[in-house]
Amino acid sequence: VQLQASGGGLVQAGGSLRLSCAASGSIFSIDHMGWYRQVPEKERELVAIITSNDSTNYGDFVKGRFTISRDNAKNMVLLQMNSLKPEDTAIYYCKALMVMTSRGDIRYDYWGQGTQVTVSS
């Protein structure tokens, strides 16, 4: 089972980026999916999370700038980031709670490899 994140890059302040993360491997379904970010010497923090019934939650710093969504047919989670600020510079990681069986009794958290987002002032 693997999570592959993409879409990071360099953008000017006020610009936009869209991150995507695709799950692959032998899984039954995916429960919640989310994005986290981390800068050196700080703890990883929640950016956004989306549940299997599309409920969402965002970090306080998002303030309406980001939108998380998912494509269940493609086992993907997306993060649209608008009005980016230099303080959004970080490595962004996707995370997914994979359901391994039809009974739902075996679940594992998986992390993607991270994608760098750099916002210049």
Side-chain angles (χ1 to χ4, degrees):
V1 178
Q2 202 171 25
L3 284 176
Q4 183 70 41
S6 61
L10 174 64
V11 65
Q12 287 188 330
S16 299
L17 283 174
R18 190 171 89 149
L19 306 183
S20 61
C21 180
S24 61
S26 181
I27 59 175
F28 178 74
S29 65
I30 303 176
D31 196 325
H32 55 266
M33 306 180 80
W35 290 93
Y36 295 74
R37 70 185 189 183
Q38 189 170 24
V39 297
E41 300 182 354
K42 291 187 71 176
E43 290 192 359
R44 197 169 293 187
E45 63 179 349
L46 173 70
V47 177
I49 191 167
I50 184 167
T51 67
S52 57
N53 61 0
D54 289 338
S55 294
T56 59
N57 193 30
Y58 295 90
D60 290 341
F61 58 86
V62 171
K63 298 187 189 306
R65 299 180 297 129
F66 300 173
T67 302
I68 190 171
S69 60
R70 60 191 288 169
D71 183 337
N72 292 325
K74 296 181 180 179
N75 285 340
M76 290 184 68
V77 61
L78 306 170
L79 184 68
Q80 178 66 42
M81 302 188 294
N82 300 326
S83 302
L84 283 161
K85 305 174 182 179
E87 51 263 42
D88 292 318
T89 295
I91 298 176
Y92 284 69
Y93 297 90
C94 59
K95 179 184 174 184
L97 180 61
M98 309 289 196
V99 182
M100 311 306 287
T101 65
S102 60
R103 292 181 299 179
D105 57 334
I106 300 177
R107 298 170 180 237
Y108 297 119
D109 270 327
Y110 284 87
W111 288 90
Q113 85 283 10
T115 185
Q116 176 72 46
V117 171
T118 303
V119 185
S120 62
S121 56

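Starting from 1, each residue takes its place in the sequence as its number. If you're wondering where the values come from, they're calculated on a predicted model, not measured in any experiment.
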K.L.:
Which distance, rounded to the nearest 0.5 Å, do you find between the CG of Asp31 and the CE of Met98?
P.N.:
11.0 Å
K.L.:
Measure the CZ-CZ distance between Arg107 and Phe28 for me, rounded to the nearest 0.5 Å.
P.N.:
10.0 Å
K.L.:
Working to the nearest 0.5 angstrom, can you tell me the gap between Leu19 CG and Gln80 CD?
P.N.:
9.0 Å
K.L.:
Are Leu79 and Met76 connected into the same hydrophobic cluster when the rule is that any two of I, L, V, M, F, W, Y join if their side-chain heavy atoms are below 4.5 Å apart?
P.N.:
no
K.L.:
Quiz question: by atom type and distance under 3.5 Å, do the side chains of Thr89 and Thr118 form a donor-acceptor pair?
P.N.:
no
K.L.:
Is there a path of hydrophobic side-chain contacts, each under 4.5 Å between heavy atoms of I/L/V/M/F/W/Y residues, joining Tyr58 to Val119?
P.N.:
yes
K.L.:
Does the side chain of Val77 reach to within under 4.5 Å of the side chain of Ile30, using non-hydrogen atoms?
P.N.:
no
K.L.:
Quick check on the hydrophobic clustering: are Val47 and Leu17 connected, directly or via other members, by side-chain heavy-atom contacts under 4.5 Å?
P.N.:
yes
K.L.:
Side chains of Met100 and Val1: closer than 4.5 Å at any heavy-atom pair?
P.N.:
yes
K.L.:
Picking from Asp54, Thr56, Asn75, what satisfies side-chain contact (heavy atoms from CB on, under 4.5 Å) with Arg70?
P.N.:
Asp54
K.L.:
Any link between Tyr110 and Tyr36 through a network of hydrophobic side chains (Ile, Leu, Val, Met, Phe, Trp, Tyr) touching at under 4.5 Å?
P.N.:
no
K.L.:
Does Asp109 have more than 12 heavy atoms from other residues, nucleotides or ligands lying within 6.0 Å of its CG?
P.N.:
yes
K.L.:
Does Gln113 reach the main-chain N or O of Ala5 with its side chain, forming a donor-acceptor pair under 3.5 Å?
P.N.:
yes
K.L.:
Say whether Ile106 and Leu3 are linked into one hydrophobic cluster, either directly or through other cluster members, by side-chain heavy-atom distances under 4.5 angstrom.
P.N.:
yes
K.L.:
Keeping the roles fixed (side chain from Tyr92, backbone from Gly7), state whether a donor-acceptor pair exists under 3.5 Å.
P.N.:
no
K.L.:
Let me confirm one number: the CZ-CE distance from Arg37 to Met81, rounded to the nearest 0.5 Å.
P.N.:
9.0 Å
K.L.:
Report the C-alpha distance between Phe66 and Ile68 in whole Å, list the side-chain angles of each, state the deciding distance to 0.1 Å, and finish with yes or no for side-chain contact (heavy atoms from CB on, under 4.5 Å).
P.N.:
CA-CA 7 Å; Phe66 300 173; Ile68 190 171; over 6 Å; no
K.L.:
For Ile49 and Leu46, work out which heavy atoms get closest and say how close.
P.N.:
CB-CD1, 4.1 Å
K.L.:
Could you report the tightest heavy-atom contact between Val39 and Ala90, atom names first, then the distance?
P.N.:
CG1-CB, 3.6 Å
K.L.:
Decide if atom CZ of Phe61 counts as having more than 12 heavy atoms of other residues, nucleotides or ligands within a radius under 6.0 Å.
P.N.:
yes
K.L.:
Rounded to the nearest 0.5 Å, how far does CD1 of Ile27 lie from CG of Leu97?
P.N.:
10.0 Å
K.L.:
If you compare all heavy atoms of Pro86 against all heavy atoms of Ala13, which two are closest, and at what distance to 0.1 Å?
P.N.:
CD-CB, 4.1 Å
K.L.:
Report the distance from atom CG of Leu78 to atom CH2 of Trp35, rounding to the nearest 0.5 Å.
P.N.:
8.0 Å
